[in-house]
Each structure stands twice: as structure tokens, then as C-alpha cells.
Protein chains: 2
Amino acid sequence: MVKLLDEKDAKALPDHIGWRLWQASRAWKAEFAEAMRAAGHGWFSEGRAGLLGHIPRRGTRQAALIERMGISKQAVQQLLDGLEAEGVIERTPDPEDKRGKFVRYTSKGLAALDDGDHIKIDIEKRYRERLGEGSFEALMAALRGLAEPQAS
Amino acid sequence: MVKLLDEKDAKALPDHIGWRLWQASRAWKAEFAEAMRAAGHGWFSEGRAGLLGHIPRRGTRQAALIERMGISKQAVQQLLDGLEAEGVIERTPDPEDKRGKFVRYTSKGLAALDDGDHIKIDIEKRYRERLGEGSFEALMAALRGLAEPQAS
DNA sequence: GCATATCGTCAAGATGCTTGACTACCTTGA
DNA sequence: TCAAGGTAGTCAAGCATCTTGACGATATGC
């Protein structure tokens, strides 16, 4: 089996910032999703994680969710359909705008959020141990710096 | 339009390592893909980028590609089908193994690779300017640290 | 030389997105 | 005030990317 991956190919793996970010993001998501499923939230998927990250505990208007997700409203709607069918969230009419709907967690959804918070803390703790406090904080600071709106 | 994104919602955005990594990775990919398409490589997509990153300039055996991608061989095949139809890569029989095929770039594919390299350098340069050299290097060092195989 | 494994392919299906078209409702302004 | 235009949500159809299963052709090991 040694032959399958020859040495030249192995050395050709990239090392630029985009690749590293993608790898790290991918690894984190996989670790988180696996832990969530292990915690009994079999409905959890990486695709849904992005959406849940935009729904605060007290709920939100569906339109606000759409704006913040940066994807089409139909895509958001389909994700919500799935989560609603799983009993994770529910949609009620928005009393302030009869066109709109309000998205909130069910108790099942809130329980999953709590578990997710604990898992995040666990993963972060492991990252801190692996990198050391200083390097981890430098990483977070740099990532926050990249996320800021560009000045120019 | 101010009303669309209320302040409470804006403050609820997460700030843990996984979210930050995901955001940064997403931003980089979007920036790169947009630049590639602007450079005339309209066939470029983020999904295809992962595959191209695993094909060295001198080409590779399809089986090696499959092993390194970490996805099913059928998925790799379908991606290759698409790239071949676009004229970016070509598949020839592997002279050393009559079961196998060898994947190499066409001249069009090599030109795209060159453009991609320049775009990566440009983006990285912008990142260095935004973060400062020290912070950027700390970011890269931390990301490399996370990518290393775990000791425990 | 035969059993077993690998390489590539075809087919069918799931998921997560897209655009287009539509209804219901809200807001604006002459 | 009421018509025009914008916004919220939905339904439908389609595309890209991935999956699993089944298969023929070729290599490899004993």
C-alpha cells in the first residue's frame, strides 16, 4: 500500500493561507458535527450548522435570517423546513408584520444548543492545549482582524 | 433599510474559533473564486478548487487523486468529467497500469493554474497588509500547528 | 492459474444550493 | 386615499456535488 501515495505527490500539498484556513475550518466542522451526532443529535449536519449559528436563542424574524445568511431565501427556507420537520425549530406568524414569520427554537432545539456550546468549549480547550495560550490568542486576534470590514 | 438588521441580532453573532475559521475560509474562497472568474476562467468553482489543489502540474494518476481527496472515487470522477468537458484537464491511459488513467492539465488548465498562483499571492499580500507581518505569520503558524497530526 | 484486490465506470439517489414565478402584505407618495 | 412598487414567504424546477451499489477489466499474491 505504500506505493499508492508516492513521495513527490505528497510534497505537492499546498501551504498558502487559503488552503490552511480551509483545512482548519473543515477539521473543526467535522469534529463538531461528529460530537453533536454522538450526543444524540442525529439530525445535525454541517450544512445546518451555519443556519443555526444565525438564530439567537430568543428567536429571530425569518427575513433577518435570510439577510444574514448571505444565501437565497429559498435555500434558507428549505433548511428551515428540514429543521422544523425534525422538531428543532418552529415558525410562528410575526405579530408585527403579517407577511413575516418568526423563527424560534423548540425545547429540543434549545437542548441541542446547550450541548453544542459545551462541545465548542471542549474543542476550543483542546485547541488551546495544542497551540498554547499565546498562539491560540494570536490566532483568534488575526481571524477577528480578517473579519472586520475593510477600511480602504 | 436600517430596520432590517436590528441591533440585538447583530450582537448575537458568535465569536468562537470554529465560527471564525469558517468565516475566514469562506471569505477567502469567495475572493479567490471571484478573481478567477474575473480572469476569464468562468468554469472555475469552489467545488472544483479542492480537486485542482490535488493535481500537481506534472499530472497524477487518478487513483492517487482519489486517495488524497478523501471523498468517493465516483465524486472525483464526476469532478474530472466536468473539468475534462471544459478542456481544463485530460485523461490518458496509464502506460504502467492498464486499469489506470493518468490525469494531466491541458495548456488551458496550466494557464489557469498560473493565474491562480498570482491571485493567491495577491490575496495573501492584502492579508499581510491588513494584519501586519507579525500577526499574519502568527496566524499561519497557528494554522500549521492545528494541521499537524495529534500527538496524544 | 486462480482467488482476491484495485481501477475506473455506470446508475440512481440525497443534499444543499440556485433562479423564476407567484401570492400576500406593507410602505410610499401624488 | 389609493395605486404603484417593494418586501416576505412559498412552490416548482433544475444544477452541482456528493453518496452507495453494482459491474467489467486488469493486477497481484500465493
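The sequence lines fix the lettering, A, B, ..., with proteins before strands; numbering per chain opens at 1. All figures in this text were calculated on a predicted structure; none of them were measured in a lab.
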Worksheet entry | For A:Y105, all residues meeting ring-ring contact (aromatic ring centres under 6.0 Å, His included), sequence neighbours excluded | none

Item to complete: May I ask you to evaluate whether A:K98 reaches the phosphate of D:dG9, defined as a side-chain N or O under 4.0 Å from OP1 or OP2?
Response: no

Worksheet entry | Under-4.0 Å salt bridge between B:D117 and B:K120 | yes

Response to the item:
Heavy-atom closest pair (B:L139 atom, A:L146 atom, distance to 0.1 Å) is CD2-CD1, 4.0 Å

Please list each protein N or O that sits under 3.5 Å from an N or O in nucleotides 11-18 of chain C, with the distance.
| from | atom 1 | to | atom 2 | distance (Å) |
| --- | --- | --- | --- | --- |
| C:dG16 | OP1 | A:S45 | OG | 3.1 |
| C:dC17 | N4 | A:Q78 | OE1 | 2.7 |
| C:dT18 | OP2 | A:S72 | N | 2.8 |
| C:dT18 | OP2 | A:S72 | OG | 2.5 |
| C:dT18 | O4 | A:Q78 | NE2 | 3.0 |

Worksheet item: Given the rule in the salt bridge (charged side-chain N to carboxylate O under 4.0 Å, His left out) test, do B:R126 and B:E31 qualify, once you have shown the distances and angles that lead to the verdict?
Response: CA-CA 11 Å; B:R126 237 170 297 142; B:E31 194 170 350; 2.2 Å; yes

Discussion item. At less than 4.0 Å, is any side-chain N or O atom of B:R91 found next to OP1 or OP2 of C:dT9? Yes or no.
Written reply: yes

Item to complete: Return the set of residues passing ring-ring contact (aromatic ring centres under 6.0 Å, His included) with A:F136 (not counting sequence neighbours), or none when no residue passes.
Response: none

Discussion item. Between P on D:dT26 and CD on B:E96, what's the gap in Å once rounded to a whole number?
Written reply: 17 Å

Practice prompt. Begin from the C-alpha positions of A:D97 and A:R61 and carry the test salt bridge (charged side-chain N to carboxylate O under 4.0 Å, His left out) through to its verdict.
Written response: CA-CA 10 Å; A:D97 186 338; A:R61 288 176 305 116; 6.0 Å; no

Practice prompt. Measure the distance from CZ on A:R99 to C1' on D:dT7 and round it to the nearest whole Å.
Written response: 5 Å

Worksheet entry | C:dG8 OP1/OP2 closer than 4.0 Å to side-chain N/O of B:Q77 | no

Worksheet item: Nearest-Å distance, CH2 (B:W43) to P (D:dT17)?
Response: 12 Å

Worksheet item: B:R61 CZ to C:dT6 C1': how many Å, rounded?
Response: 11 Å

